[in-house]
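We count ligands from 1, going down the list as the structure has it; atoms in each ligand are counted the same way.
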Amino acid sequence: MPKATETVLEIDLSALEHNYQYIRSKIKPSTKFLGVVKAFAYGNDSVRVAQKLEDLGIDYFAVAYAKEGEVLRDAGIKSPILVLHPIPSGFDTIIERCLEPSIYSEHILDAFLEAAKKHSQKDYPIHLKFNTGLNRLGFKKAEVARLIDKLTLRKEVKVVSIFSHLAATEDKNEREFTLGQINTFKEIALEVGERLGYEPKHHILNTSGIINYPEAQFDMVRSGIGLYGYGNEAIIDAELRPIATLKTIISQLHILEANESVGYNRAFKVDSRKVTATLPLGHADGIGRPYGNGNGQVFINGKMAPILGNVCMDMIMVDATGIDCKEGDEVIVFGPQTSAEKMASRANTISYELLTGISQRVKRIFLDS
Ligand SMILES: *Cc1c(COP(=O)(O)O)cnc(C)c1O
């Protein structure tokens with residue numbers, strides 16, 4: 001692997017392939033695989049990730065918003081793309097770019113029917129989202145009759161799938177609640193099928209669901225974080241390979257004596273002689289202020305170096321005392337050896353937030369063997 005000469009997010013597409021095959025091995029051959037590539041594929045570059053997954057034979061993609069799907073279509077992605085959280089302002093884009101909306105409320109249904117009519121669509125594929133307990137988006141079970149009655153009168157759209165989202169698949173203490181959600185979804189699916197007169201696809205599992213509730217695979221599963229190498233539990237993390245490594249370099253070394261301080265607001269006070277390294281990476285790059293004052297750490301030539309004082313917009317200062325290093329040396333922030341999940345948890349957050357927060361200023365480079 002080439003040594004970094006600036007701050008880069010190195011993305012290993014062969015690790016993505018490994019994770020895809022691992023998750024595939026956990027589902028039945030007949031179950032379809034939807035890759036969740038919203039939020040720039042969790043910070044990893046949605047186009048390169050989707051191209052690789054399409055080459056590997058993935059069945060479906062999901063993004064959050066229409067614009068994210070448009071980017072994939074512009075790059076030549078041909079697979080079906082589910083838009084998880086469409087908003088009426090994106091409906092023209094959805095139809096023009098053959099994206100498939102999640103319909104989660106009566107308001108959204110009416111607005112989408114209007115857009116489909118305007119574009120003279122017939123049997124346009126839609127996905128009905130049901131709320132089984134997350135209380136975020138979706139129709140309630142009690143709304144099924146009314147909803148399907150309305151849909152059967154309209155020729156503009158066709159229901160290709162119904163789905164729901166589980167609230168706590170990674171939390172073993174919430175098993176009973178999760179099984180209740182799955183059961184409610186089964187009841188909804190039965191009623192929808194009967195009233196529609198045909199069977200759309202059913203899906204409810206995210207990455208941790210695939211691991212912990214294999215009996216609820218139905219026709220498709222939706223994996224995001226697992227593809228990027230994180231499984232929300234140690235035994236699954238051990239099977240997956242983080243695809244992204246955040247690297248930077250040492251811009252400058254300083255030797256500080258007792259009573260000096262480091263950074264804004266003098267947040268770190270030096271008690272005895274220290275060597276500090278300034279790195280070109282700050283909160284504008286996605287390393288937020290909660291990582292400051294020792295909560296976050298980096299690795300310089302294999303040695304741990306805690307962040308000293310407050311995170312600045314474009315820089316952090318770390319403790320390089322006793323580490324054999326020089327200006328220009330490579331620094332590892334997170335990656336396969338030092339996981340984003342561990343780093344995130346020290347700042348009371350989760351891998352998802354750290355990964356999706358790496359800003360567009362950080363250059364992405366790709367490895368594929
Ligand atoms: C983001 C998202 C997923 C993916 O969840 P992971 O935990 O990353 O696998 C699946 N389904 C829906 C509805 C989502 O919003």
Using a strict 4.0 Å cut-off to heavy atoms of [X], name the atoms of ligand 1 that fall inside it.
| X | answer |
| --- | --- |
| Leu84 | 13 (C), 14 (C), 15 (O) |
| Arg136 | 15 (O) |
| Gly224 | 4 (C), 6 (P), 8 (O), 9 (O) |
| Ile225 | 6 (P), 7 (O), 8 (O), 9 (O) |

Quick one: look at [X] and ligand 1, take heavy-atom pairs under 4.0 Å, and tell me if it's side chain, backbone, both or neither.
| X | result |
| --- | --- |
| Val36 | side chain |
| Asn232 | neither |
| His85 | neither |

Of all residues at least two apart in sequence or in a different chain, which pass the side chain to side chain donor-acceptor pair (under 3.5 Å) check with Arg175?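 Here no residue qualifies.
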
Using side chain to side chain donor-acceptor pair (under 3.5 Å) as the criterion, list what pairs up with Arg361, not counting sequence neighbours.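 Per chain and number, Arg361 pairs via side chain to side chain donor-acceptor pair (under 3.5 Å) with Asp285, Asp314.
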
Taking [atom] as the reference point, the nearest protein heavy atom with its distance:
| atom | value |
| --- | --- |
| atom 12 (C) of ligand 1 | His165 CE1, 3.4 Å |
| atom 5 (O) of ligand 1 | Asn206 CB, 3.5 Å |
| atom 7 (O) of ligand 1 | Tyr352 OH, 2.7 Å |
| atom 9 (O) of ligand 1 | Thr207 OG1, 2.5 Å |

Taking ring-ring contact (aromatic ring centres under 6.0 Å, His included) as the criterion, tell me which of Phe163, Phe130, Phe218 meets it with Phe185.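 It is Phe218; the other options fail the test.
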
Check whether the side chains of His254 and Thr276 place a donor and an acceptor atom closer than 3.5 Å, and report yes or no.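 Per modelled atom types, His254 and Thr276 side chains form no pair under 3.5 Å.
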
Take the angle between the ring planes of His85 and Tyr65 and call it parallel below 30°, perpendicular above 60°, tilted in between.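 His85 vs Tyr65 ring planes: tilted.
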
Please check if the number of heavy atoms outside Asp74 that lie under 6.0 Å from its CG is greater than 12.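 It does: Asp74 CG has more than 12 such atoms within range.
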
Quick check on Tyr42 - does any of its heavy atoms sit under 4.0 Å from an atom of ligand 1?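 For ligand 1, residue contact (heavy atoms, under 4.0 Å) with Tyr42 is present.
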
Less than 4.0 Å is my threshold; does some heavy atom of His203 fall inside it relative to ligand 1?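 Checking ligand 1 against His203, which is what was asked, there is no heavy-atom contact under 4.0 Å.
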
Using only atom types and a distance under 3.5 Å, with no angle test, would you say the side chain of [X] pairs donor to acceptor with the backbone of [Y]?
| X | Y | result |
| --- | --- | --- |
| Glu54 | Lys78 | yes |
| Asn310 | Tyr264 | yes |
| Asp319 | Thr321 | yes |

Candidate with minimal heavy-atom separation from atom 14 (C) of ligand 1, of Glu170, Lys38, Arg222: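 Comparing heavy atoms across Glu170, Lys38, Arg222, the nearest one to atom 14 (C) of ligand 1 lies in Lys38.
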
